[in-house]
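Everything on this sheet refers to the single structure shown next.
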Number of protein chains: 2
Amino acid sequence: MERLRQHIEHITSLTNEEFEYIQTHFTKKRVLKNQYLLHEGDDVKNEFVVLSGLYKVFFLDEQGREYIIQFAKENWWMSDYQAFFQEKKATVFIECIEAGEVLVSTLETREKLSAELHKMEHFYRVKLTNGYVALQERIKLLLSSTPQERYEAFVKLYPDLLQGIPKKLIAEYLGVSRETLSRLYSR
Amino acid sequence: MERLRQHIEHITSLTNEEFEYIQTHFTKKRVLKNQYLLHEGDDVKNEFVVLSGLYKVFFLDEQGREYIIQFAKENWWMSDYQAFFQEKKATVFIECIEAGEVLVSTLETREKLSAELHKMEHFYRVKLTNGYVALQERIKLLLSSTPQERYEAFVKLYPDLLQGIPKKLIAEYLGVSRETLSRLYSR
DNA sequence: AAAAAAGTGTGACCGAAGTCACACTTGTAA
DNA sequence: TTACAAGTGTGACTTCGGTCACACTTTTTT
């Protein structure tokens with residue numbers, strides 16, 4: 001839980017009492033490799049804060065092709081935010097790539113803490129601001145770049161992921177075929 | 001200004017005094033067709049709330065090709081949010097397609113109102129949440145869909161834009177060539 | 001240790017979308 | 001009202017990336 005505190009205090013400082021209270025709204029959960037935290041069609045009751053391990057957020061098209069929206073590592077938040085905020089059924093999957101731990105929270109928690117503690121509303125706003133900017137960057141990249149440039153941008157964003165995971169997953173994140181990606185660095 | 005009030009109260013209710021105060025942080029500005037509200041390389045001092053008219057937020061790649069990030073109409077907010085929040089130079093342009101009016105605000109305003117009024121921090125958080133979800137949807141679409149599907153999704157999102165603006169702009173939003181877009185509905 | 005499964009590189013082929021060129025229409029300005 | 005610019009559709013050609021196939025390697029399982 002100390003991790004969560006540091007994470008929040010990176011944005012806004014808290015008293016011990018405040019953190020004590022906030023803490024009660026999060027529960028720790030161990031996650032094993034290949035375990036699903038969220039499955040298409042589920043009610044999206046939770047959002048997750050990654051403490052350790054590696055996870056992928058992805059979806060499938062009609063032909064069953066897989067597209068990765070996000071890799072999540074330490075201190076990243078993840079959910080099917082569309083469904084989470086709008087209380088719809090999940091359209092994405094969250095699967096564990098490397099075992100680790102996450103904190104589990106709910107929409108009620110987010111709204112309640114935001115309403116009760118101005119500081120927490122601030123925290124969530126800042127997090128969302130950063131997330132918004134990151135997504136916009138991804139859109140610009142998807143719109144304008146060649147596979148080559150996307151790959152280079154990926155390397156910058158996730159330098160540590162390059163060795164750890166199958167290239168296939170990187171291809172699914174970039175939106176190119178495995179073969180095309182392979183040809184990018186073999187020439 | 002009444003428009004701004006309705007817009008905010010759609011999310012959180014305000015007293016007259018509160019709105020009086022908030023109001024002083026926004027100034028109205030008339031915008032003419034083809035006028036730029038923001039130019040690549042500028043310091044991004046402002047964000048804009050659209051009262052009327054139509055605007056495009058776009059950027060250029062090295063070859064000078066144009067990509068539209070967002071069309072903005074009534075009640076949409078726009079800026080180069082990346083640069084705005086991080087106080088960097090603009091990498092995008094905002095240009096007026098149809099004359100109208102906007103409200104002009106600043107980062108200081110956003111932060112100040114958020115800090116002073118919990119309600120406003122809430123307002124900004126909710127706006128950001130919606131924006132985040134919309135961007136994520138766009139990413140999913142860009143990753144997985146054919147030009148055909150993108151076009152159909154566009155029609156749903158901006159049904160009113162179809163007749164008003166040149167098809168070239170739609171193509172730039174979808175990330176396909178003008179010719180490809182043209183062939184989508186001529187067969 | 002053997003067998004099965006997953007990951008990776010590479011060639012051959014194909015097809016969807018980009019580019020270029022041009023004709024025709026519509027809108028705008030002199 | 002004429003002239004010029006902008007917008008639009010369509011054909012010909014090209015090209016980049018996808019798909020399929022297969023060999024080889026590495027990892028996992030039994």
Side-chain angles (χ1 to χ4, degrees), chain A residues 32-36 53-54 56 58-68 71 93 95-99 141-155 158 160-187, chain B residues 32-36 53-54 56 58-68 71 93 95-99 141-155 158 160-187:
Chain A
L32 299 177
K33 185 167 176 173
N34 299 323
Q35 185 180 341
Y36 285 86
L54 181 65
K56 62 173 176 176
F58 68 98
F59 66 101
L60 302 177
D61 68 12
E62 316 75 49
Q63 290 104 108
R65 265 185 301 249
E66 191 172 317
Y67 300 88
I68 293 179
F71 289 106
F93 303 78
E95 186 178 355
C96 177
I97 299 176
E98 270 173 25
L141 213 64
L142 286 174
L143 271 177
S144 71
S145 63
T146 62
Q148 179 74 257
E149 295 167 318
R150 286 188 214 179
Y151 176 68
E152 283 157 15
F154 179 85
V155 173
Y158 295 105
D160 43 330
L161 286 195
L162 280 183
Q163 43 285 359
I165 64 171
K167 305 277 186 284
K168 180 169 155 270
L169 295 183
I170 298 177
E172 285 166 10
Y173 179 87
L174 299 179
V176 299
S177 73
R178 213 204 82 233
E179 292 92 331
T180 297
L181 176 61
S182 166
R183 283 170 181 125
L184 285 183
Y185 38 69
S186 66
R187 65 165 73 135
Chain B
L32 299 177
K33 185 167 175 171
N34 298 324
Q35 185 179 340
Y36 284 86
L54 183 65
K56 62 173 177 177
F58 68 98
F59 66 100
L60 302 177
D61 67 13
E62 317 74 50
Q63 288 104 108
R65 265 185 301 249
E66 192 172 317
Y67 301 88
I68 294 179
F71 289 107
F93 302 77
E95 186 179 355
C96 177
I97 299 176
E98 270 172 26
L141 214 63
L142 285 174
L143 271 177
S144 71
S145 63
T146 62
Q148 180 73 259
E149 294 165 319
R150 286 189 213 178
Y151 176 68
E152 283 155 16
F154 179 85
V155 173
Y158 296 106
D160 42 329
L161 286 194
L162 279 183
Q163 44 286 356
I165 64 171
K167 305 275 186 281
K168 180 169 156 272
L169 295 183
I170 298 177
E172 285 167 10
Y173 179 87
L174 298 179
V176 299
S177 73
R178 213 205 82 234
E179 294 91 331
T180 297
L181 176 61
S182 166
R183 282 170 183 127
L184 284 184
Y185 38 68
S186 67
R187 65 167 74 135

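All values reported here derive from a predicted model rather than from experimental measurement. Below, read A as the first sequence line, B as the second, and so on, with proteins coming before strands; counting in each chain starts at 1.
As a whole-Å value, the separation of B/D61 CG from C/dG18 C1' is 14 Å. The distance from atom CG of B/L169 to atom C1' of D/dG7 is 11 Å, rounded to the nearest whole Å. Between the NZ atom of B/K168 and the C1' atom of D/dG9 there is a distance of 16 Å, rounded to whole Å. Between the CD1 atom of A/I165 and the P atom of D/dT27 there is a distance of 16 Å, rounded to whole Å. Computed from coordinates, the A/L184 CG to C/dG9 C1' distance equals 13 Å when rounded to whole Å. In this entry the distance linking NZ of A/K33 with C1' of C/dA6 reads 10 Å, nearest Å. Rounded to a whole Å, the CD atom of B/Q163 is 17 Å from the C1' atom of C/dG27. Between A/E172 atom CD and D/dG17 atom C1' there is a gap of 16 Å when expressed in whole angstrom units.
At the phosphate of D/dG9, OP1 or OP2 sits under 4.0 Å from a side-chain N or O atom of B/Y185.
Remark: side-chain polar atoms of B/Y151 are not paired, donor with acceptor, to backbone N or O of B/Y185 under 3.5 angstrom.
Summarising the geometry, atom CD belonging to A/Q35 is positioned 10.0 Å from atom CD belonging to A/E95; distances are rounded to the nearest 0.5 Å.
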What nitrogen or oxygen pairs link the protein and nucleotides 24-26 of chain C at under 3.5 Å?
none

Can you name the atoms? Protein N/O to nucleotides 19-22 of chain D N/O, anything below 3.5 Å, with the distance.
unit_1 : atom_1 : unit_2 : atom_2 : d
D/dT19 : OP1    : A/R65  : NH1    : 2.8
D/dC20 : N4     : A/E179 : OE2    : 3.2

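Comparing A/K167 and B/L181 along DNA chain C, the residue whose closest nucleotide (by nearest heavy atom) sits nearer the 5' end is A/K167.
By the 30° and 60° cut-offs, the orientation of the rings of A/F58 relative to A/Y36 is tilted.
A salt bridge does not link B/E179 to B/R183: none of the charged nitrogens lies less than 4.0 Å from a carboxylate oxygen.
Nearest heavy atom pair, residue A/F154 against residue A/L162, reads CE2-CD2, 4.0 Å. In terms of heavy atoms, A/L143 sits closest to B/Y67 at O-CE2, 3.3 Å. The nearest pair of heavy atoms linking A/F59 to A/F93 is CA-CD1, 4.3 Å. Closest non-hydrogen pair, B/L174 versus B/L142, comes out as O-CD2, 4.2 Å.
With A/E66 as the fixed residue, the salt bridge (charged side-chain N to carboxylate O under 4.0 Å, His left out) test singles out one of A/K168, A/K56, A/R178: A/K56.
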